[in-house]
2 protein chains.
Amino acid sequence: MQEQSFLQLRNAISRFLILEDSDWELLVPYIEEKHLSKHDVFAREGKIAIEIGFILDGDMRHYYTRDGIEKTTYFYFEGHFVCSYLSCVTQTPSELSIEAMTNCTLLVFPYSRMKQLFEVSHKWERFGRLIAEYLAIGLEQRMVGLLMLSPEERYIQLLEGNKQKIIERIPQHYISSYLGITPVSLSRIRQRLTNK
Amino acid sequence: MQEQSFLQLRNAISRFLILEDSDWELLVPYIEEKHLSKHDVFAREGKIAIEIGFILDGDMRHYYTRDGIEKTTYFYFEGHFVCSYLSCVTQTPSELSIEAMTNCTLLVFPYSRMKQLFEVSHKWERFGRLIAEYLAIGLEQRMVGLLMLSPEERYIQLLEGNKQKIIERIPQHYISSYLGITPVSLSRIRQRLTNK
DNA sequence: TCATTACGTTAACATAAGATAAGAAATTGG
DNA sequence: CCAATTTCTTATCTTATGTTAACGTAATGA
């Protein structure tokens with residue numbers, strides 16, 4: 001059923017712009033399917049990232065390490081693109097690692113191909129712009145949340161999002177670092193909220 | 001000296017890509033010089049942003065308002081682009097305001113022209129991508145700092161940046177909200193650091 | 001299956017930050 | 001030049017979070 005999964009990727013891209021068959025054909029030969037087991041890494045700290053992934057099934061997270069402690073700062077779910085963006089764009093060693101939280105099925109293609117497409121195709125260059133804009137908007141909103149909301153408010157906001165069911169299956173110590181607090185503190189917040 | 005100031009903008013753009021005269025000529029007719037007095041607003045919350053600015057001289061800040069309280073979340077300095085990016089890109093009302101912290105001289109051009117250039121010129125589309133990538137990278141690093149560093153560490157990091165002299169002339173209650181803390185707390189952190 | 005590890009909660013204590021207020025110092029505007 | 005305002009610091013009190021540790025439960029792997 002490779003055709004079906006490729007179509008999912010094409011649809012995801014089409015949410016950003018109208019993609020003609022001729023555009024699509026420029027990428028297709030470079031796409032591969034990839035399977036990751038739980039805890040497999042997709043990108044590793046210190047390595048220059050070379051791949052862009054598209055999640056067909058499964059959940060992933062990215063994390064930074066400091067003093068041996070992991071801080072999970074982002075989650076990726078089915079239907080989303082995943083890559084160590086900063087490392088790809090700047091071609092410098094990644095400061096973060098990306099790990100499968102569950103068994104995952106991905107479509108992957110090399111960033112180098114994407115870069116070629118930026119050169120040769122105005123349409124793909126536009127895709128690159130729109131993706132970057134999408135990312136920047138998400139990060140801006142995330143940052144504002146961190147600066148303007150309390151940990152409790154951030155947790156409530158997270159629950160109120162449309163990803164409720166997904167959030168519920170993510171271990172809480174990952175969620176706590178996403179919120180910028182400790183697992184203990186998240187546990188207390190949860191207790192406070194249920195006592196209301 | 002309009003020629004001189006236009007050249008500054010062209011150089012700033014050229015830091016992202018090689019710009020031919022023919023590319024540059026597509027934008028030039030739409031550029032105007034604009035002067036702002038201290039506390040004048042460049043973009044106002046609730047309004048759809050229509051302009052991109054380039055700071056020739058002066059300092060600006062952008063802030064969000066909540067419960068009547070302003071939180072300054074970003075600063076802009078000489079030689080940088082300034083706009084309510086999210087509002088421009090999505091063409092929805094801005095959630096933030098941008099204000100001149102000092103008297104400022106800007107070059108401005110309409111986002112609508114930029115959008116046209118994205119359509120007609122692969123080169124300008126690339127500029128759009130590179131700007132968005134640059135923004136996303138900055139925001140990612142900002143977010144990581146907020147999640148992984150203590151307020152004190154964030155303040156030290158800010159001072160260690162290459163903007164020291166600029167930081168020193170920004171009122172501390174703006175800096176404190178940039179760091180995600182109160183002015184009182186920043187004052188205490190400063191005291192702690194001088195006692196070392 | 002069973003031992004081991006990972007996970008979430010709770011408790012106790014220490015600490016840093018928030019809230020509020022007062023006052024000094026600097027800046028601003030008329 | 002002076003009054004008014006803004007800015008920064010300091011003090012007090014309160015509170016939420018961090019830290020560490022203990023415990024029970026769930027998940028995992030040999």
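Throughout, protein chains are lettered first and strands after them, A, B, ... in sequence-line order, and every chain is numbered starting at 1.
- Below 30°, between 30° and 60°, or above 60°: for B/Phe16 and B/Tyr134 the angle between ring planes is above 60°, a perpendicular geometry.
- The footprint of chain A on DNA chain C, defined by a heavy-atom cutoff below 4.0 Å, extends from C/dC7 to C/dA12.
- No contact: B/Leu186 has no heavy atom under 4.0 Å from any strand.
- Note on A/Arg188: a base of the nucleic acid sits closer than 4.0 angstrom, heavy atoms only.
- Annotation: of the two residues near DNA chain C, B/Val184 and A/Pro183, the 5′-most nearest-nucleotide partner is A/Pro183.
- Ionic pairing of A/Arg10 and A/Asp23 is not present here: no N-O contact between side-chain nitrogen and carboxylate oxygen is shorter than 4.0 angstrom.
- Surrounding OH of A/Tyr74 are at most 12 heavy atoms belonging to other residues, nucleotides or ligands under 6.0 Å away.
- No side-chain N or O of A/Arg61 forms a donor-acceptor pair with one of A/Tyr178 less than 3.5 Å apart.
- Cluster membership for A/Phe118 and B/Val120, using ILVMFWY side-chain heavy atoms within less than 4.5 angstrom, is shared.
- Under a cut-off of 6.0 angstrom, the local environment of CD in A/Glu95 is sparse, with at most 12 non-hydrogen atoms contributed by other residues, nucleotides or ligands.
- Using bins of under 30°, 30° to 60° and over 60° for the plane-to-plane angle, the ring pair A/Trp24/A/Phe6 lands in the perpendicular bin.
- Remark on DNA chain C: of its neighbouring residues B/Ser185 and B/Lys38, the 5'-side contact belongs to B/Ser185, judged by nearest-heavy-atom nucleotide.
- Counting any heavy atom pair closer than 4.0 Å across all strands shown, A/Ser187 reaches a base atom.
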Could you please spell out the steps behind the side-chain hydrogen bond (donor to acceptor under 3.5 Å, both in side chains) verdict for B/Gln157 and B/Arg154? CA-CA 5 Å; B/Gln157 195 184 58; B/Arg154 291 202 291 276; over 6 Å; no
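- On the nucleic acid side, DNA chain D has its first and last nucleotide under 4.0 Å of a heavy atom of chain A at D/dT17 to D/dT28, going 5' to 3'.
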